[in-house]
Amino acid sequence: SRHFARLSLQRHLPATPPPRVCRDPTPLDRLWFHWPHHFQDLYASLWLRECIEIRWRNCNLSGVIPSSIGHLRNLTYLSLASNHLHGTLPDTLTSLTNLTHLYLSGNALTGRLPGGLFNALPYLSHASLRANRLSGALPESTRPALRELYLDCNAFEGIAAPDLPCTLKGLRGEYLRRNTFARGEVCALRWRLVECGEDLGIAPCN
């Protein structure tokens with residue numbers, strides 16, 4: 001039960017104040033990716049809620065990204081890159097409205113991007129989801145704050161909206177190589193990129 005989960009967690013949490021910057025995951029942090037949902041929710045609420053940065057790159061993490069990550073509304077920096085995470089991206093990522101940096105590259109994440117992900121995060125400036133197994137269409141648009149976006153080495157299959165490239169005008173990096181676009185989609189996308197004066201790393205049409 002939730003009451004039992006609360007008592008159990010409180011018995012194991014450190015007596016020190018919850019961290020504001022998380023750099024080296026503790027054993028409890030690692031279990032967060034494996035626990036049942038009610039344990040995950042409570043851990044996020046009791047221990048991680050005040051965290052503003054999670055920097056867990058290349059920490060040998062496994063499991064799935066908990067939906068309770070959406071409770072961490074103060075997060076500005078989230079890096080879970082270069083780990084062994086699998087499963088889909090939780091829709092609750094759209095709740096992290098203070099996020100400026102999002103790095104989830106180099107895992108085994110699957111499925112589609114949460115709907116409206118990049119529009120829901122008004123301050124997001126840098127994002128990398130490269131080298132996963134993400135699929136589906138590209139995002140329809142992005143916020144003006146987004147300066148770098150890496151989506152290469154996935155399995156994206158199509159273009160969500162014909163005006164996508166123009167909404168990305170001004171990005172320094174929008175890499176889409178090594179996805180599974182049909183040749184016609186690549187040609188159409190590259191033509192619109194040329195019209196917008198952008199080059200987003202897509203192989204030219206022959």
Side-chain angles (χ1 to χ4, degrees), residues 18-26 29-30 32-33 37 40-59 61 63-134 136-154 156 160 164 167-176 200:
R20 298 280 284 169
V21 177
C22 301
R23 294 188 182 275
D24 298 312
T26 67
D29 293 333
R30 294 177 182 279
W32 185 47
F33 295 89
H37 290 306
Q40 290 177 331
D41 287 345
L42 283 169
Y43 189 69
S45 298
L46 294 173
W47 188 247
L48 296 175
R49 196 181 192 100
E50 300 304 317
C51 194
I52 58 174
E53 295 185 8
I54 290 180
R55 295 176 176 265
W56 291 343
R57 176 185 174 87
N58 197 22
C59 289
L61 298 173
V64 300
I65 300 175
S67 61
S68 58
I69 200 166
H71 297 326
L72 313 186
R73 304 292 179 87
N74 294 317
L75 269 187
T76 61
Y77 190 105
L78 174 61
S79 177
L80 302 174
S82 302
N83 283 293
H84 308 287
L85 302 174
H86 64 275
T88 59
L89 296 176
D91 290 337
T92 51
L93 281 174
T94 60
S95 299
L96 304 180
T97 52
N98 288 308
L99 207 61
T100 61
H101 293 72
L102 174 64
Y103 300 112
L104 302 176
S105 58
N107 284 287
L109 301 169
T110 57
R112 297 174 177 269
L113 298 176
L117 175 62
F118 298 116
N119 270 325
L121 307 177
Y123 305 113
L124 189 67
S125 60
H126 297 73
S128 176
L129 285 78
R130 69 180 307 273
N132 280 287
R133 301 170 189 169
L134 298 168
L138 296 175
E140 293 188 1
S141 59
T142 62
R143 290 272 191 160
L146 191 58
R147 305 305 303 165
E148 291 188 348
L149 174 60
Y150 298 90
L151 298 174
D152 53 313
C153 303
N154 279 287
F156 291 111
L164 170 68
T167 69
L168 300 176
K169 192 171 179 64
L171 287 176
R172 289 201 303 269
E174 158 72 35
Y175 291 94
L176 302 173
L200 304 186

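Considering only residues two or more places apart in sequence or on other chains, Arg112 meets the side-chain contact (heavy atoms from CB on, under 4.5 Å) condition with none of them. Residues satisfying the side chain to side chain donor-acceptor pair (under 3.5 Å) criterion with Ser79, sequence neighbours excluded, are absent altogether. Under the rule for a side chain to side chain donor-acceptor pair (under 3.5 Å), Trp56 has no partner lying at least two apart in sequence or in another chain. Under the side-chain contact (heavy atoms from CB on, under 4.5 Å) criterion, Ser95 pairs with Arg73, sequence neighbours left out. In this structure, the side-chain contact (heavy atoms from CB on, under 4.5 Å) partners of Arg30, at least two apart in sequence or on a different chain, are Pro25, Cys59, Asn60, Leu61. In this view, Thr97 and Pro122 satisfy the side-chain contact (heavy atoms from CB on, under 4.5 Å) rule, not counting sequence neighbours. Scored by the side chain to side chain donor-acceptor pair (under 3.5 Å) test, Thr26 finds Asp29 as partners (sequence neighbours excluded). Taking the ring-ring contact (aromatic ring centres under 6.0 Å, His included) definition, one finds that Tyr77 meets it with His101, Tyr103, sequence neighbours left out.
Listed for the Ser128 side chain is no donor-acceptor partner under 3.5 Å among the backbone atoms of Ser105. Counting only distance, with no hydrogens or angles, the side chain of Thr76 and the backbone of Ile52 share a donor-acceptor pair below 3.5 Å. Using modelled atom types, one side-chain atom of Asn132 and one backbone atom of Arg130 make a donor-acceptor pair closer than 3.5 Å. Asn154 places a side-chain N or O within donor-acceptor distance of the main-chain N or O of Leu151, the cut-off being under 3.5 Å. Looking only at distances, no side-chain donor or acceptor of Glu50 sits under 3.5 Å from a matching main-chain atom of Arg20. Panel note: side chain Thr100, backbone Ser125; no donor-acceptor pair is recorded below 3.5 Å.
Taking CG of Leu149 as the start and CG of Leu129 as the end, the distance is 7.5 Å to the nearest 0.5 Å. Considering CG of Asn98 and CG of Leu78, their distance stands at 13.0 Å, rounded to 0.5 Å. Interatomic distance, Glu53 CD to Cys22 SG, rounded to the nearest 0.5 Å: 9.5 Å. Note that the NE2 atom of His86 and the CD1 atom of Ile65 stand 10.5 Å from one another [nearest 0.5 Å]. Considering CG of Leu89 and OG of Ser67, their distance stands at 12.5 Å, rounded to 0.5 Å.
Considering every non-hydrogen atom in both Leu121 and Thr94, the closest pair reads CD2-O, 3.9 Å. Nearest heavy atoms, Gly111 versus Thr88: CA-CG2, 4.3 Å. When every heavy atom of Leu85 is checked against every heavy atom of Leu80, the shortest pair comes out as CD1-CB, 3.8 Å. Minimum interatomic distance between Ile69 and Leu96 (heavy atoms only, all atoms of both residues): O-CD2, 3.3 Å. Here the shortest heavy-atom pairing between Ala137 and Phe156 reads O-CD2, 4.0 Å. Looking at every heavy atom in both residues, Arg49 comes nearest to Asn74 through O-ND2, 3.4 Å.
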